[in-house]
Amino acid sequence: MPRTASKPTKKRSKPYTVTSSDTDPVPSASSKTKKSSKENDEKYKLFNKYANTSSGVIDPEGIEKLCSKLKVSHTDIKILMLAWKMKAERQGYFTKAEWRRALKALKVDTIKKLKKALPELEKEVRKPLNFADFYAYAFRYCLTDERQNCIDIGTICQLLDMVLGSTFRDQVDHFVDYLKIQNDYKVITMDQWMGFYRFCNEISFPDMTNYSLELAWPLILDNFFEWMREKQA
Amino acid sequence: MYRETIIDFEQGCKCLEAGVSELKRILEEETSETRIDPKQYLELYTTIYNMCIQKHPHDHSQRLYNKYHDIVEHYAKKTVLPCVQQKHDEYLLRELSRRWDHYKVFVNWLSHFFNYLERFFIPQRNYPSLLEVAMKSFRDRVYLEVQVNAKDVVIALIDKEREGAQIDRELVKNVLNVFVQSGMGTIEKYKEDFEMFLLEDTESYYARKASRWIQECSCPEYMIKSEESLRKEKERVIHYLHSSTECKLVEIVEKELLVSVAKHLLEKEHSGCSALLRDDKVDDLSRMYRLYHPIPKGLEPVADAFRIHVAREGNALIKQAQDAAANGSLVEAQVLVGKIIDLHEKYMVYVLDCFKNHTFFHKALKEAFKVFCNKKVGGSSSAELLANFCDSLLKKSGKSDEAIEATVDNVVKLLDYISDNDLFAEFYRKKLARRLLFDHHKVNKEHETIMITKIKRQQGGQYTSKMEGMVTDMQLAKEFQKGFKGSLTAKPGGIDLAVTVLNTGFWPSYKTSTDLNLPREMVECVEAFKSYYGTKTNQRKLRWLYSHGTCHVIGSFDPKPIELVLSTYQAVVLCLFNNTERLTYQEIIEQLNLSHEDLVRVLLSLSCAKYRILNKEPASKSISTTDVFEFNSKFTSTMRRIKVSIPPPPIDERKKVVEDVDQDRRYAIDACIVRIMKSRKVLPHQQLVSQCVEQLSRMFKPDIKMIKKRIEDLITRDYLERDAKNHHIFNYVA
């Protein structure tokens, strides 16, 4: 996760309300069984261990604590995957409902169990159907502003490395190199972000023989393609 | 007369044979008396007649029919054939021809004798007619034996004639008739046994000729020879070949002489198409057209050669201008554009005259011009050059309406060849604005209107709407001014004020002079007009462009007063000196609130240029912020009125125009994409791009990358989306 506790938090347009009724389809109290309420209590206890008492959410500091407990770096992709599982809306923060959602889905209620569940989670996320969704989520997660719809090049480079680095090392390395030296784009849109994922999946690399400039690949990939060809010549 | 005696078959035959022998004898002697004795004829006819009507079993019709067949067979085989076979070469043909004529006469007489059979027996039994039988016999007994030799001789004769010798055409015609008749109603024998070989021979003959001539002759000479050969071959057909041979023969000659050597011929170095065009050889070019026109696809290489030549000439012109520009001399728009126009006129004449207005050549001319008309010269695009040309053209006074119309016609044609039409419109508009605002006394409204109308006819109303608006604005402004003048009771500030109100939408955008501090008199003027305008219009905001105004100021110099024609900026600076004799640069700029760049230009024009209205300390050639200025009371000139010109601001106008046009293009592409997607709803990428290019082609040639970028931008703005299943297809987002 790129965000750390040391980074200053940006002013948000959506104020965070700390209410117990989080926006979540929570089963009504009457239908809750005794057993599940006990389980929820466990999760909430765990939540409170890391949450900021005044704001009522886990903030970047709390996440760092969590990471050290889980013995993963906060830049590890597994944390992002956890965020995905939570459907966390805001980068660097976990709400109670989000926390409960993930832990319930993973069927864990202690740190130990959570740690054990992480590799399983990774396997699940890496399934093709899930990964596309996760990939798109990763982009949205990094958007800092509600009105914003693109991410700066620097962040993108880091994100690409984290998300696709293990599966498409070659492509990511070259593309990141290209992004750093080109001047046409200072930010990347969702369309371009998804385009790159499609590129990695469909185009053979590094020969790129099945790439065509005539098709609807995003222009930035066309430029990347031409840049690669020039280098290869 | 009813005969009682029955004619016995043998008896009858004897009589018959006698008659036949007589016939043969007559034919052999070839006397003019090719008539059989009428008595004998009647006897023969009657004998046969009687033999036919005799009652069974003496009805000898069938046997007579067979006998007839035998007779002709015999004659053919035993008389005709041996005679012919004995001879060779031309004698063979003569003998064949002679024998053929004899045979025809022979058969003719026989058919008279056997006429009764022909009328009744043959139709009854549906047998082949007597003539058919005879022909068949001739064909089988004679023709089949000699046709190969005959054919060879005929072809040899034809070749001889081709080389210039005289041959007996009638003889050949007659012999070929044999071939034709031997087809028994079809042309097959003639085709298979003669025509096929003739065509083969013709092909190799002309192939040889072609390869020789192409080496030895120049292009015009070759063409003349070809034309002659074609004429002769056609003549040949008329005189002795069957008419059906004509088109095949002509096709072969054309193929060998014209088609297979086309490239070589047209590209001949000193006499090919290029050279002919260069040397204005109208006759030869017309001949070229005539020769190649009937050949399918024959004109294509000619049109190609034409196009290449024109493009080469055009490119040379451009290169010349480019070199001149590289060496530092100004790109003279008038000269270059004028030369291009002349080039166009010159080659249009060829298209209309020699090439008979054929579409191929119109197209070739157009494509050639498109190639070089879009090249840049010295940093200026062709659109800009053309706009400059129009500017100089319209500034020239003293040209008649017809002369202007003719030149404008040419300009508009060139505009068609330029792909960046919108760029031209923008440059033209800028220049038009300057003409209307600064040189309005020189503007010839009729000429301006002629130009705009002709452009409108070709490019459409939307293209010229802004230009028309500008011209109308000037008209309206004049009338409004009259009303304003009429409303005044006294001159505001003691000044004769004339205001031109421009409609922002039509005119190029100008930077407003921010908060210029006008002298009191001028402020009165502005206020007076503002209030008048307010009464006449509803809630319109006026933005004053002091940078574009003119002022007439009387300078009271010691020697004599002189009227100065100045820009408003210049006038405003000078008016400061009404209050003090000396001013520093800083004081001027603070009092007036002009920008530094503008003030420098003004002061330069007043103190360092042709007319020293102000004295500057120090008297250097440039303006610095520490300079001091003083009114030059000693200034004088022989003239009573002088115009103190001020150079236009050095903002790279060209760059701005290009930027503006680029921006407009982006909007145009956006609108085009949305329009297409709105109607089609779903469209693959390639089709969207190609449709976009097509729709915009009237105005400019859109860059594919720019289109792609706009598409992506529209995706981000949620006008389009990629299809979930196929990322190369777009869906319209309503």
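Since this is a predicted model, take the numbers as computed values, not measurements. Residue numbers begin at 1 in each chain, while the letters A, B, ... track the order of the sequences.
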What do you reckon, is CD of B/Gln458 surrounded by more than 12 foreign heavy atoms closer than 6.0 Å?
yes

Just to verify, which of B/Met706, B/Arg710, B/Lys709 counts as forming a side-chain contact (heavy atoms from CB on, under 4.5 Å) with A/Leu219?
B/Lys709

CG of A/Leu129: more than 12 outside heavy atoms within 6.0 angstrom?
no

Check whether the ring centres of B/His727 and A/Trp217 lie less than 6.0 Å apart, and answer yes or no.
no

Is the side chain of B/Arg722 donor-acceptor paired with the backbone N or O of A/Ala216 at a distance under 3.5 Å, no angle test?
yes

Give, for atom NZ of B/Lys708 and atom CG of A/Asn223, the distance between the pair rounded to the nearest 0.5 Å.
8.5 Å

Going from CG on A/Leu213 to CD1 on B/Ile704, what distance comes out if it is rounded to the nearest 0.5 angstrom?
11.0 Å

What residue, out of A/Gln192, A/Met194, A/Arg198, A/Glu214, has the most heavy-atom pairs lying under 4.5 Å from chain B?
A/Arg198

Are there more than 12 heavy atoms of other residues, nucleotides or ligands under 6.0 Å from atom CD of B/Glu694?
no

Can you name the closest pair of heavy atoms from A/Leu215 and B/Gln686 and give their distance?
CD2-OE1, 4.0 Å

Can you confirm whether more than 12 heavy atoms, excluding those of A/Lys123, are under 6.0 Å from its NZ atom?
no

With rounding to the nearest 0.5 angstrom, report the CG to CG distance, B/Leu714 to A/Asp191.
11.5 Å

Using a cut-off of 6.0 Å, state whether more than 12 heavy atoms not belonging to A/Glu230 lie near its atom CD.
no

Should we say atom OH of B/Tyr719 is surrounded by more than 12 heavy atoms from elsewhere, each under 6.0 Å from it?
no

Hey, are B/Lys705 and A/Asp222 close enough for a salt bridge, meaning a charged N less than 4.0 Å from a carboxylate O?
no

If you draw a 6.0 Å radius around CD in B/Gln462, do more than 12 non-hydrogen atoms from other residues or ligands fall strictly inside?
no

